[in-house]
Amino acid sequence: DHRDLHSFPTRRSSDLCWCYEQSLKSMGYSVVQFQSSRSLEKYNNHFFWKAIRKLNRRLPLNAHIRVHNQALLTFAKNEKPQVVIILKGLYVEWDIVLKLKGMNMWVINLNHDDFFSRDPNNVSFIQRKAISYYDHIFTTRELNVDEVKVLNPRVSFLPFSYHPKIHKPPKWNQMDYKKWKSDVVFVGTWMTDRWKKLEKLVRALPADYAIYGRSEERRVGKECRSRW
């Protein structure tokens with residue numbers, strides 16, 4: 001009986017983390033989850049704590065991060081998984097990784113964002129310091145492999161895949177077609193450099209554009225909005 005411990009942020013269907021869980025279960029693994037917001041919920045729910053995190057390099061206060069890590073350690077001791085999968089690991093400290101390994105658990109980091117991103121929401125000094133201590137690193141960005149090797153030679157490229165129950169051609173009716181029809185689709189987090197490139201594309205190629213992702217509603221430019 002294999003048990004995998006995941007640091008999953010959500011349980012929404014079609015969410016990437018949910019897909020990992022479903023894929024592992026379909027292969028016969030038993031999966032238990034530790035929420036990545038455990039003991040840190042107030043940083044998502046209250047303006048004051050959101051502001052504190054923003055001022056503190058996008059991180060919760062050290063004391064709260066420590067409580068979070070201790071909760072993870074306690075959870076692992078109780079569940080006794082054979083494999084611990086940390087997704088991104090922005091708040092997981094290096095000594096916690098060592099303690100998990102000390103309990104005969106295989107501890108890996110699976111990151112679907114850039115380990116060396118300039119976006120402070122995707123990286124942290126805690127994550128960077130812990131990289132060397134993981135049993136293995138999996139990255140969905142092929143360019144990261146050689147970069148991570150400097151810190152941890154046990155690294156592999158893991159390309160994105162799909163969940164066949166969700167990611168499949170839809171059955172459309174005429175109303176669906178009118179609602180969702182588009183010539184160009186952008187899916188991803190809205191960032192300034194991406195906005196500039198898309199604005200340039202819109203000016204060069206008049207078409208129907210669809211934009212999906214975080215923050216697109218408030219940051220889409222006027223050229224894109226006219227075609228959105």
Side-chain angles (χ1 to χ4, degrees), residues 1-11 15-25 27-40 57-60 62-161:
D1 177 42
H2 295 279
R3 307 202 75 185
D4 294 283
L5 169 63
H6 294 250
S7 181
F8 280 171
T10 71
R11 290 183 63 91
D15 183 272
L16 183 61
C17 307
W18 181 88
C19 290
Y20 286 139
E21 178 191 12
Q22 297 304 308
S23 297
L24 287 166
K25 285 183 175 179
M27 292 188 289
Y29 289 93
S30 174
V31 181
V32 291
Q33 295 191 29
F34 178 84
Q35 297 294 322
S36 61
S37 60
R38 177 79 68 85
S39 305
L40 302 172
R57 296 178 291 181
R58 297 294 199 282
L59 289 172
N62 290 340
H64 297 152
I65 290 177
R66 200 63 190 169
V67 172
H68 171 76
N69 277 268
Q70 289 302 317
L72 170 60
L73 192 61
T74 300
F75 186 80
K77 287 179 179 178
N78 293 334
E79 295 293 339
K80 299 179 175 58
Q82 293 179 337
V83 180
V84 178
I85 303 176
I86 304 294
L87 298 184
K88 196 179 295 188
L90 294 180
Y91 308 146
V92 180
E93 297 175 315
W94 67 270
D95 60 326
I96 298 299
V97 175
L98 282 181
K99 289 177 181 178
L100 292 171
K101 291 169 64 175
M103 293 187 285
N104 296 318
M105 301 172 187
W106 194 57
V107 187
I108 69 172
N109 185 302
L110 197 166
N111 189 3
H112 51 83
D113 282 310
D114 189 347
F115 274 108
F116 303 93
S117 172
R118 290 176 293 177
D119 184 348
N121 294 304
N122 290 336
V123 296
S124 73
F125 72 90
I126 295 173
Q127 176 199 59
R128 183 68 58 83
K129 190 173 181 178
I131 287 177
S132 301
Y133 297 93
Y134 285 99
D135 286 306
H136 207 91
I137 301 287
F138 291 95
T139 174
T140 58
R141 296 177 179 265
E142 196 167 8
L143 289 174
N144 272 175
V145 173
D146 288 337
E147 296 171 324
V148 171
K149 277 183 179 178
V150 177
L151 302 172
N152 189 334
R154 302 175 300 278
V155 55
S156 300
F157 170 57
L158 183 67
F160 281 112
S161 55

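Each residue takes its place number in the sequence, starting with 1. All of these numbers come straight from a predicted model, not from anything done at the bench.
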Could you give the distance from [atom1] ([X]) to [atom2] ([Y]), rounded to the nearest 0.5 Å?
{"X": "W94", "Y": "I131", "atom1": "CH2", "atom2": "CD1", "result": "15.0 Å"}
{"X": "Y91", "Y": "H68", "atom1": "OH", "atom2": "NE2", "result": "8.0 Å"}
{"X": "E21", "Y": "I85", "atom1": "CD", "atom2": "CD1", "result": "11.0 Å"}
{"X": "H112", "Y": "L87", "atom1": "NE2", "atom2": "CG", "result": "6.0 Å"}
{"X": "Y134", "Y": "I86", "atom1": "OH", "atom2": "CD1", "result": "5.0 Å"}
{"X": "N69", "Y": "R38", "atom1": "CG", "atom2": "CZ", "result": "12.5 Å"}

- Query: Under the 3.5 angstrom rule, does the side chain of N111 hit a backbone N or O of T140 as a donor-acceptor pair?
  - Reply: no

Side chains of [X] and [Y], heavy atoms from C-beta outward: is any pair under 4.5 Å?
{"X": "L90", "Y": "I126", "value": "no"}
{"X": "I137", "Y": "R154", "value": "no"}
{"X": "V148", "Y": "F116", "value": "yes"}

- Residue pairs involving residues 105-115 (criterion salt bridge (charged side-chain N to carboxylate O under 4.0 Å, His left out); sequence neighbours excluded):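 Only K88-D113 qualify under salt bridge (charged side-chain N to carboxylate O under 4.0 Å, His left out).
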
- Tell me, which pairs form a salt bridge (charged side-chain N to carboxylate O under 4.0 Å, His left out) where one or both residues lie in residues 120-135, sequence neighbours left out? K101-D135

Partner residues of [X] under the side-chain contact (heavy atoms from CB on, under 4.5 Å) criterion, sequence neighbours left out:
{"X": "L73", "value": "Q70, K77, I96, K99, L100, M103"}
{"X": "S156", "value": "H136, F138"}
{"X": "S39", "value": "V67, A71"}
{"X": "V123", "value": "S117, Q127"}

- salt bridge (charged side-chain N to carboxylate O under 4.0 Å, His left out) with R66: which residues, sequence neighbours excluded?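 Salt bridge (charged side-chain N to carboxylate O under 4.0 Å, His left out) check on R66 returns E93, D95.
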
- Message: Assess the residue pair L158 and L110 against the criterion (side chain to side chain contact (heavy atoms under 4.5 Å, CB included)); give the C-alpha distance rounded to whole Å, side-chain angles, the decisive distance to 0.1 Å, and a yes or no.
- Response: CA-CA 9 Å; L158 183 67; L110 197 166; 3.8 Å; yes

- Message: Quick check: closest heavy atoms across A130 and V92, and the distance to 0.1 Å?
- Response: CB-O, 3.7 Å

- Considering all heavy atoms of both residues, which atom of S124 and which atom of L59 are nearest to each other, and what is their separation?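 Looking at all heavy atoms of both residues, the closest pair is CB-CD2, 3.8 Å.
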
- F115: ring pair (Phe, Tyr, Trp, His ring centres under 6.0 Å) partners, not counting sequence neighbours: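 Applying ring pair (Phe, Tyr, Trp, His ring centres under 6.0 Å) to F115 gives none.
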
- Before giving the answer on side chain to side chain contact (heavy atoms under 4.5 Å, CB included), spell out for V83 and M105 the whole-Å C-alpha distance, their side-chain angles and the decisive distance to 0.1 Å. CA-CA 5 Å; V83 180; M105 301 172 187; over 6 Å; no

- Message: With a 6.0 Å cut-off (strictly less than), is the heavy-atom count around CG of L143, excluding the residue itself, greater than 12?
- Response: no

